[in-house]
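Below you'll find the structure, written out as structure tokens, and then a few comments.
Values below: every heavy atom of this structure, side chains too, minus hydrogens, waters and symmetry copies. Numbered from 1 within each chain, the chains take letters A, B, ... in sequence-line order.
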Amino acid sequence: MSGYFYLTTPIYYVNAEAHIGHTYTTVLCDTIVRYRRLCGDTCFFLTGSDEHGEKVLEVARRRGESPAQTAEYFSNSFLRVWEEIGISHDRFIRTTDADHKQVVQQILQRVYDEGEIRFKEYEGLYCVGCERFLTDRDMLDGLCRDHERAPEPRTEANYFFDMGAHFSWLRDYIEQNPDFIRPERYKNEVLAMLDEETGLGGELCISRPKSRLDWGIELPFDTDYVCYVWFDALINYLTGIGYPDGPHFQDYWSNCEHVVGKDILKPHGVFWPTMLRAIGLEPPRHVSVHGYWNVDDRKVSKSLGNMIDPLIMREKYGFEAFRYFLLRDMVFGQDSNFSEDALVRRINADLANNIGNLVSRTLNMTGRFAGGLVPEPGAIEIPEREVIDAAATAVAEVDLRMRGMRPQRALESILALVDATNRYLELREPWKAAKDPELADTVSTTLHTCCESLRIVALLLAAFLPVAAAEILDRLGLGDALETAVLPASAEWGGIPVGSPTRKGKPLFPRIETAGAEDAESKDGAD
RNA sequence: GGCGGUGUAGCUCAGUCGGUUAGAGCGGCGGCUUCAUAAGCCGUAGGUCGGUGGUUCAAGUCCACUCACCGCUACCA
């Protein structure tokens, strides 16, 4: 059943360059979307940059340029990285895009007209150094932590969105749609937030006076103010697909899923659904929340310099290997740890030893024992049956797990098929059988089974490792398979044509020798 | 303080409605094998399922308490 599918990453804030966290989110979404495209869905994949706000001003000041220049610089930086690593987004949206400004203003006006935005004066402690109001946490002994000076009481008027008006609806909605926010632990956190927010009045400040911050989208109903943060940022999800009357807006919106990091759960779990409610739109199908990457067991931070540049990973290991690690080693929703050690272990174990090596041995033997052409299969016996079953299981599990946002489990399913095929090869021992002319039929069957299994492995892997999967198919003589494939039908057993010309090629994922292993080897080689 | 999460073999994790001898992958160890990227296959390692006390014919799996770590309560994926 094909249909529409719309997936978003958060838009990344333009005060830093892409690191492992941004890369993970983006790669994950790319993988999910590629999978759904393979399933025949009409997909729209949106990513982009969040460019307004105070922090951009700060960075711009530091860099001695205008906020627009800073935003431009970092936005391009993200875009360039995504292009370098082959992200297949359909649009890279910027909150400074003209259509986005228009949509934000249109929505603000509408919510304002409906009386859900209030103008309110409040008093707080303002630090002149910070140019903002301080919270208790910003202060130590009544002084601003950063400037060590006493903040002054000051009043300011701002616009507030009355999101609390929708809390009881939202609570019900979440309870009636238990997989709206997933994994479950984050659903529980949102429910807890709703209770806390009720106590705070459920108001969301959505403006800043221009006198204090003018880098933003002007409020349509008060030109002394700009829109602040969430109305600006979240609405990108609507602008991206042509709100309100783009040709496929409804098709995409009703099949929308967001992927976010756990740090922005609240805006996506609380602010956003209430905003959508205020303008009469359904919530997205899912908000899928992932955890953080630590690096070498420490938090990612600028000061530690452990941000992990995806382009450097590409240079050192090949981007798909890094991409594979990210998808394979994070249990969705939980925090995970990255280390080059773990990366190398994973590359060697899964990519080199299992997948890559199965490709090598299969194609090598097809070359040697079958003249390089996929041979005609003979009788299907129990060992073949087991591989065929493993393939069917993998296809079904991958689908279930991808839709359930569990890419790491989907990869396990694919690896199970690879394992089954490696085991099968040991059982049939075509390298021995090939010496006995009477077993020619068995050899043909064996190699056919392995080639076919590889074809299915490649199809399933295509969303995760687009380049490598295409290469496997190409070596099987199926260079254009991905262009026409539709899952699950294309992954049914028996799709590989007999006589398809194969090519062994170089190791797909070269094994990475660690320093320790090299030492051991040079010692061995010395005598 | 409140709320939530996590704690299962050396490492990373599975364990659905409580039920036969608690699982997988990786690593380690032993063996087989040579088609293959010194890859693969087979076998194995015996973990008080954080702790204590309960409920039950039966608990990793439910309840209470407790310890450790983490998160949220604060606009950085």
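Side-chain to base pairing of Y228(A) with C75(B): one donor and one acceptor N or O lie within less than 3.5 Å of each other.
Pairing for A77(B) is absent, judged as Watson-Crick or G-U wobble with the two contacts each under 3.5 Å. Under the Watson-Crick or G-U wobble criterion, with both distances below 3.5 Å, U48(B) is left unpaired in every strand shown. With a 3.5 Å ceiling on both atom-pair distances, the Watson-Crick or G-U wobble partner of C72(B) is G2(B). Remark: U61(B) base-pairs with no nucleotide in the shown strands. Criterion, Watson-Crick or G-U wobble with two distances under 3.5 Å. The base-pairing partner of A38(B), taking Watson-Crick or G-U wobble contacts with both distances under 3.5 Å, does not exist among the strands shown. With a 3.5 Å ceiling on both atom-pair distances, U55(B) lacks any Watson-Crick or G-U wobble partner. Under the Watson-Crick or G-U wobble criterion, with both distances below 3.5 Å, G10(B) is paired with C26(B). Pairing for U20(B) is absent, judged as Watson-Crick or G-U wobble with the two contacts each under 3.5 Å.
If you take atom P in G60(B) and the same atom in G54(B), they sit 15 Å apart, rounded to whole Å. Nucleotides C17(B) and U21(B) are separated by 23 Å at their C1' atoms, to the nearest Å. For C67(B) and U52(B), the C1' atoms lie 10 Å apart once the distance is rounded to whole Å. Between the C1' atoms of G51(B) and U33(B), the separation comes to 48 Å (whole Å). Nucleotides U48(B) and C42(B) have their P atoms positioned 28 Å apart, rounded to a whole Å. The P atoms of C65(B) and C11(B) are separated by 30 Å, rounded to the nearest whole Å. Only the P atoms considered, G28(B) is 31 Å distant from U6(B), to the nearest whole Å. Only the C1' atoms considered, C32(B) is 41 Å distant from G50(B), to the nearest whole Å.
Between C69(B) and Q334(A), no contact under 4.0 Å exists linking OP1 or OP2 to a side-chain N or O.
Nearest heavy-atom pair across R328(A) and D350(A) is NE-OD2, 3.5 Å.
Side-chain atoms of M193(A) lie closest to C72(B) of the nucleotides A77(B), C75(B), C72(B). Comparing C13(B), A77(B), C75(B) against the side chain of H19(A) picks out A77(B) as the nearest.
The closest side-chain donor-acceptor pair between E17(A) and S77(A) falls under 3.5 angstrom. Inspection of the H19(A) and Y12(A) side chains reveals no N or O donor paired with an N or O acceptor under 3.5 Å.
Classified by interplanar angle (parallel below 30°, tilted 30° to 60°, perpendicular above 60°), the ring pair F78(A)/H22(A) is perpendicular.
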Contact pattern, 5' to 3', of nucleotides 27-37 of chain B - B, S or - by protein heavy atom under 4.0 Å: -------SBBB

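Across all strands, Y24(A) comes closer than 4.0 Å to no nucleic acid atom at all (heavy-atom distances). In this structure, V229(A) reaches the bases: a heavy-atom distance under 4.0 Å links it to at least one base atom across the strands shown. Within the 4.0 angstrom heavy-atom criterion, only backbone atoms of the sugar-phosphate kind lie near G261(A); the bases stay farther away.
The aromatic ring of Y292(A) is stacked on the base of A77(B), with the two ring centres less than 5.5 Å apart and the planes inclined by under 30°.
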